[in-house]
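Heads up, the thing below is written out as structure tokens.
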Amino acid sequence: MKENRAFQRGAVYQIYPRSFCDSNGDGIGDIPGIISKLDYLKDLGVKILWLSPIYKSPLFDMGYDVADYFDIHPDYGTMEDFDNLLKEAAKRDLKIVMDLVVNHTSDENEWFIQSKDPKSPYHAYYYWRKGKGKNGELPPNNWTSQFTGPAWTYEPSNGMWYLHLFSKKQPDLDWHNPKVLEEVEKVINFYLDKGVYGFRCDVINQIYKDSLEDGKGHAQSGRGSEHYLMTEGNHRILRQIHDDCFAHRGDRVMIGETFNVDPENGRRFLENKELDMFFHFDLMNLDKALFGILTKKVKTTKFKETAFKWQKGVSWNANYLENHDQLRSIPRFGDEEHYWKESGKCLGLFNVALKGTPFIFEGQEIGMVNFKDIRDPEKSRDCVAWMVSDIMKKYPIPKGLKKKLISRVDRDHERAPMQWNNGVSAGFSSNSSTWIEVNESKSFANVEDELKDPDSILNFYRKLLRLHQNCDPLCLGEFEEIPTKGNLIAFKRIYEYQEVVVVINLGKKEIPYPEFAKGKECLINTYLDPSKEKKLRPYEALILK
Ligand code: TEU
Ligand code: CA
């Protein structure tokens with residue numbers, strides 16, 4: 001892949017602004033806090049910072065419910081702070097990517113408030129419909145929200161129902177209305193003109209609904225999706241946005257978050273220049289059972305097969321193992337108890353060595369893990385935990401088990417404050433009380449201590465990211481599988497006449513050192529002491545030339 005785009009050489013670091021760094025002691029992360037850590041991020045070696053939403057919002061879904069796209073939530077600062085962030089980031093050659101949430105808005109967005117009036121021009125911005133049944137007392141169709149329960153809510157003030165694929169505080173925009181595209185393009189241009197590098201587009205392959213016919217799927221979650229996933233209209237809109245907002249600008253990026261996509265249909269996003277890359281959920285779904293409330297062990301062969309399907313299937317991937325919706329990766333795919341450090345580095349190497357742009361979620365680079373204790377849904381800050389807890393009230397499940405199950409879907413785990421040191425509130429805030437409590441793992445997983453330890457996960461990431469951006473085969477090369485068995489993962493990255501070989505033992509048992517890896521120069525190893533080429537140690541991973 002030639003071209004010359006910043007995302008081809010640079011890793012993306014996802015900042016969850018509420019949990020990254022608190023500058024004023026209110027226990028909530030903010031923009032000046034982010035600015036104070038820009039040098040840390042530059043030294044880490046990432047090039048692009050993606051900020052989860054910082055717009056004005058009632059924060060029901062922590063900002064994925066936007067009340068005003070042109071304003072910053074006061075918890076995070078002001079528009080001036082944001083402009084300052086852009087300036088300070090640019091000084092350090094760091095680019096900023098915003099989160100674009102336009103499948104839905106908040107129900108507290110002025111557009112939605114106005115839209116309740118059938119005579120308002122905003123009425124047609126949303127899906128307002130009469131109910132079924134004699135008196136319109138039933139929802140217009142049988143769709144269910146992806147956050148549990150019906151996808152429609154009745155509004156007494158106008159006697160109509162509105163559609164929401166997520167919570168009832170997140171009404172869906174009606175993309176059949178050309179005014180919606182116009183409004184969203186204004187938002188996009190507003191931030192691009194400010195100098196933002198691009199957008200991560202929230203649930204972007206379901207914005208255009210083909211019809212409002214009843215759906216066939218399971219009632220539990222997302223019934224009706226056959227009418228809105230990957231529609232022609234969706235492709236058309238993304239292409240239009242490209243032509244209107246991006247075609248005349250230089251290097252920019254559009255990253256899609258896409259549900260239920262496969263390489264065959266997803267490829268079209270790239271070929272048609274609708275998106276530059278997109279997130280699939282296939283690796284994230286591997287250990288989930290029963291809508292994510294149960295977990296199962298993932299076999300390395302399955303893990304490898306899934307990742308490789310995408311490596312071969314599309315020209316450019318958005319590679320990630322963590323984000324603000326997913327439990328931390330070490331406990332899921334590594335071994336937190338016995339090989340925390342080794343498996344943290346091993347997963348890092350895997351993610352960065354794949355073809356595509358590597359994404360690192362804040363805290364991943366220091367090996368942050370989930371809370372040990374079972375979380376109380378009453379104390380959770382996450383609407384998913386509340387909604388699942390509500391649903392469970394209907395089932396006769398023992399209380400303790402119920403709590404345990406809800407705790408697994410509670411996104412507070414991965415949203416806990418960033419651990420800068422082992423002091424008060426992990427150095428995240430001067431306040432001992434923070435919006436989500438600090439994780440006890442700050443004692444061993446924190447920036448200050450890891451910077452001092454040459455063998456730490458953090459110092460490994462620093463080496464890894466430097467290697468990545470300076471090594472053409474690693475950032476630009478084609479992918480080629482090397483067939484292996486069991487816990488061994490291996491592949492090549494080939495660029496013109498150069499190639500590197502990636503060798504990974506994703507398990508705790510030693511593996512005989514593979515023949516194809518012998519006699520090569522080692523560019524990086526997850527262990528400090530060099531390999532004797534006899535065996536691969538637990539979770540040992542290397543890049544060879
Ligand atoms: O996520 C979509 C998505 O996949 C999640 O809703 C997922 O199903 C959920 O986290 C349960 O694990 C995006 C955002 O990343 C997420 O934070 C928002 O809540 C959601 O959209 C709605 O905007
Ligand atoms: Ca603050």
Side-chain angles (χ1 to χ4, degrees), residues 53 55 64-71 98-130 140-141 143 151-152 155 158 160-166 170-194 196 198-213 224-249 252 254-259 268-269 272-276 278:
Y55 313 99
Y64 287 91
D65 46 336
V66 180
D68 185 350
Y69 293 95
F70 300 99
D71 205 356
M98 296 285 273
D99 218 306
L100 187 71
V101 191
V102 291
N103 173 69
H104 45 268
T105 69
S106 161
D107 64 336
E108 296 179 35
N109 191 304
E110 200 51 42
W111 302 345
F112 185 74
I113 296 171
Q114 301 285 336
S115 84
K116 291 180 190 171
D117 176 0
K119 289 203 266 331
S120 159
Y122 291 100
H123 191 65
Y125 278 38
Y126 297 86
Y127 286 97
W128 285 107
R129 293 293 183 275
K130 287 275 179 224
N141 67 27
W143 293 9
W152 295 89
E155 167 60 37
N158 63 14
M160 299 176 95
W161 298 73
Y162 66 89
L163 176 70
H164 53 87
L165 296 183
F166 293 90
Q170 293 163 295
D172 277 50
L173 285 164
D174 183 351
W175 281 88
H176 289 256
N177 182 352
K179 288 295 276 179
V180 168
L181 175 66
E182 219 175 276
E183 298 277 10
V184 169
E185 289 192 341
K186 268 190 226 158
V187 176
I188 292 174
N189 283 324
F190 176 79
Y191 287 100
L192 289 180
D193 289 345
K194 276 185 179 292
V196 155
F199 298 90
R200 173 271 189 189
C201 310
D202 194 56
V203 291
I204 203 64
N205 64 330
Q206 57 187 56
I207 58 176
Y208 188 90
K209 285 75 176 166
D210 262 348
S211 84
L212 296 180
E213 302 282 301
S225 62
E226 69 270 34
H227 299 295
Y228 58 73
L229 276 177
M230 311 291 289
T231 60
E232 278 306 308
N234 202 137
H235 285 294
R236 209 168 53 233
I237 287 166
L238 288 178
R239 176 64 203 204
Q240 188 72 47
I241 292 178
H242 171 269
D243 291 350
D244 295 344
C245 306
F246 290 89
H248 62 286
R249 299 185 195 256
R252 300 289 165 117
M254 282 289 265
I255 306 156
E257 187 207 27
T258 51
F259 259 117
R268 191 157 153 215
F269 288 127
N272 207 24
K273 288 194 162 52
E274 298 166 19
L275 297 169
D276 295 296
F278 53 92

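Heavy-atom basis, side chains included; hydrogens, waters and symmetry copies ignored. Note that the structure is predicted; figures quoted are calculated from it, not measured.
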Nearest-0.5 Å distance, [atom1] of residue [X] to [atom2] of residue [Y]:
X	Y	atom1	atom2	value
H248	D243	NE2	CG	11.0 Å
L275	T258	CG	OG1	7.5 Å
R236	T231	CZ	OG1	8.0 Å
D210	H176	CG	NE2	6.5 Å
M230	S225	CE	OG	12.0 Å
S120	Q114	OG	CD	5.5 Å

With sequence neighbours excluded, tell me which residues meet side-chain contact (heavy atoms from CB on, under 4.5 Å) with [X].
X	value
K194	M79, F82, D83, L86, F190, Y191
V101	P53, Y64, V66, D99, H104, D202
R129	Y127, P140, W152, L212

Measure from the side-chain N and O atoms of [X] to the backbone N and O of [Y], and report whether any donor-acceptor pair falls under 3.5 Å.
X	Y	result
N158	K116	yes
N177	A124	yes
S115	Y125	no
D65	Q170	no

Is the shortest side-chain heavy-atom distance between [X] and [Y] below 4.5 Å?
X	Y	result
E155	M160	no
I204	V102	yes
V187	F70	yes
I241	L181	yes
M254	C201	yes
L192	F246	yes
Y69	K186	no
H242	E274	no

Quick one: sort the F269 and H235 rings into parallel, tilted or perpendicular, breaks at 30° and 60°.
tilted
When the ring planes of H164 and Y162 are compared, do they come out parallel, tilted or perpendicular, using 30° and 60° as the limits?
tilted
Do the side-chain N and O atoms of R249 and N189 include a donor-acceptor pair separated by under 3.5 angstrom?
yes
Between H227 and E213, does any side-chain donor sit less than 3.5 Å from a side-chain acceptor?
no
Between L173 and I207, is a side chain to side chain contact (heavy atoms under 4.5 Å, CB included) present by the stated rule, with each step listed?
CA-CA 8 Å; L173 285 164; I207 58 176; over 6 Å; no
Under the side-chain contact (heavy atoms from CB on, under 4.5 Å) test against K209, which residue among L229, N234, D172 passes?
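Among the candidates, only D172 passes.
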Minimum heavy-atom separation for [X] to [Y], with atom names?
X	Y	result
S106	E108	OG-N, 2.7 Å
D68	N109	N-ND2, 4.2 Å
R239	N272	NH1-O, 2.8 Å
V196	R252	O-NH1, 3.0 Å

Please report the C-alpha distance between L163 and W143 in whole Å, then the side-chain angles of each, then the deciding distance to 0.1 Å, and finally whether the side chain to side chain contact (heavy atoms under 4.5 Å, CB included) criterion is met.
CA-CA 9 Å; L163 176 70; W143 293 9; 3.7 Å; yes
K179 with D174: basic N within carboxylate O range, under 4.0 Å:
no
Report yes if the distance between the aromatic ring centroids of W175 and Y228 is under 6.0 Å, otherwise no.
no
Taking the six-membered ring for Trp, is the centroid-to-centroid distance between W128 and Y122 below 6.0 Å?
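No, the ring centres sit 6.0 Å or more apart.
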Walk me through it: do D71 and Y55 pass the test side chain to side chain contact (heavy atoms under 4.5 Å, CB included)?
CA-CA 6 Å; D71 205 356; Y55 313 99; over 6 Å; no
